[in-house]
Amino acid sequence: MEESKTKKDQVMDALNKVIDPELGIDIVNLGLIYEVEIEDDQSAIITMTLTTMGCPLSDMLNDSIKNAVESVAGIEECEIQLVWYPMWTVGKMSRYARVALGIPEGFGM
């Protein structure tokens, strides 16, 4: 089944397993991943943001992201591009993440 998924899909699946240690929700459902690009079928470029500038867990998250992405068969390198625009808001979170964190429907939208 994994063969039928694109490398980008496989990378997104791997990123779904990276949990933000403060919030206990994966970084995809938190809306932190803005884009995944695959170059030469072996290099992944992850464009993402953090919930706050100066997030004390950014180094730990970077390591977890690189480990997860590089665990995908054929991906040998992971580059993380941290951006601050568009700014992260609660509205970027999936419905699952908002429900799990007890955020009311429509809040921050």
Side-chain angles (χ1 to χ4, degrees):
M1 185 70 180
E2 282 296 302
E3 292 83 35
S4 65
K5 286 188 172 185
T6 66
K7 279 262 171 63
K8 183 175 179 174
D9 290 337
Q10 292 176 46
V11 167
M12 285 300 288
D13 287 349
L15 291 171
N16 267 306
K17 296 177 181 134
V18 178
I19 305 296
D20 179 298
E22 282 186 312
L23 299 174
I25 307 285
D26 68 87
I27 61 175
V28 173
N29 276 296
L30 284 175
L32 300 179
I33 303 299
Y34 287 172
E35 187 175 0
V36 172
E37 294 176 75
I38 306 297
E39 289 187 347
D40 302 325
D41 212 37
Q42 63 186 7
S43 179
I45 301 167
I46 312 299
T47 303
M48 65 170 293
T49 194
L50 296 171
T51 54
T52 59
M53 265 191 200
C55 174
L57 299 169
S58 64
D59 288 343
M60 190 178 91
L61 271 178
N62 276 6
D63 291 344
S64 296
I65 290 165
K66 285 185 180 208
N67 288 337
V69 170
E70 290 172 359
S71 75
V72 173
I75 298 291
E76 296 173 15
E77 182 181 13
C78 174
E79 177 186 333
I80 298 171
Q81 295 181 343
L82 194 58
V83 297
W84 298 108
Y85 184 84
M87 196 169 96
W88 181 86
T89 64
V90 170
K92 295 196 181 308
M93 295 168 68
S94 71
R95 182 177 186 286
Y96 161 80
R98 289 193 305 271
V99 168
L101 294 172
I103 297 170
E105 196 71 35
F107 179 84
M109 303 302 274

Partners meeting side-chain hydrogen bond (donor to acceptor under 3.5 Å, both in side chains) with Glu76 (sequence neighbours left out) = none

Donor-acceptor pairs under 3.5 Å, side chain of residues 15-35 to any protein atom, not counting sequence neighbours: which ones?
from  : atom 1 : to    : atom 2 : distance (Å)
Asn16 : ND2    : Met12 : O      : 3.2
Asp20 : OD1    : Glu22 : N      : 2.8
Asp20 : OD1    : Leu23 : N      : 3.0
Asp26 : OD1    : Val28 : N      : 3.0
Asp26 : OD1    : Asn29 : N      : 2.8
Asp26 : OD1    : Asn29 : ND2    : 3.4
Asp26 : OD2    : Asn29 : ND2    : 2.8
Asn29 : OD1    : Ser94 : OG     : 2.6
Tyr34 : OH     : Pro86 : O      : 2.6

message = Counting C-beta onward and ignoring hydrogens, is there a side-chain heavy-atom pair between Val69 and Val36 closer than 4.5 Å?
response = no

request  = Taking the side chain as every heavy atom from C-beta outward, state whether Val11 and Ile46 have any atom pair closer than 4.5 Å.
outcome  = yes

I need the [X] [atom1] to [Y] [atom2] distance, nearest 0.5 Å.
X: Ile75; Y: Lys7; atom1: CD1; atom2: NZ; value: 5.0 Å
X: Cys78; Y: Ile65; atom1: SG; atom2: CD1; value: 7.5 Å
X: Tyr85; Y: Thr49; atom1: OH; atom2: OG1; value: 12.0 Å

inquiry  = Enumerate the salt bridge (Lys or Arg N to Asp or Glu O under 4.0 Å) contacts for residues 50-74, please, sequence neighbours excluded, ordered by first and then second residue.
reply    = none

When clusters are formed by joining ILVMFWY residues with side-chain heavy atoms under 4.5 Å apart, either directly or through shared neighbours, do [X] and [Y] land in the same one?
X: Val99; Y: Leu101; answer: no
X: Trp84; Y: Ile80; answer: yes
X: Ile38; Y: Ile45; answer: no

request  = Kindly give the heavy-atom pair with the smallest separation between Ala68 and Ala14, and that separation in Å.
outcome  =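 Heavy-atom minimum between the residues: O-CB, 3.4 Å.
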
message = Give me the atom names and distance for the closest heavy-atom approach of Lys5 to Gln10.
response =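 Smallest heavy-atom distance, with atoms named: O-NE2, 3.1 Å.
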
Sequence-distant partners of Asp40, salt bridge (Lys or Arg N to Asp or Glu O under 4.0 Å), two or more places apart =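 With sequence neighbours excluded, Asp40 shows a salt bridge (Lys or Arg N to Asp or Glu O under 4.0 Å) to no residue whatsoever.
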
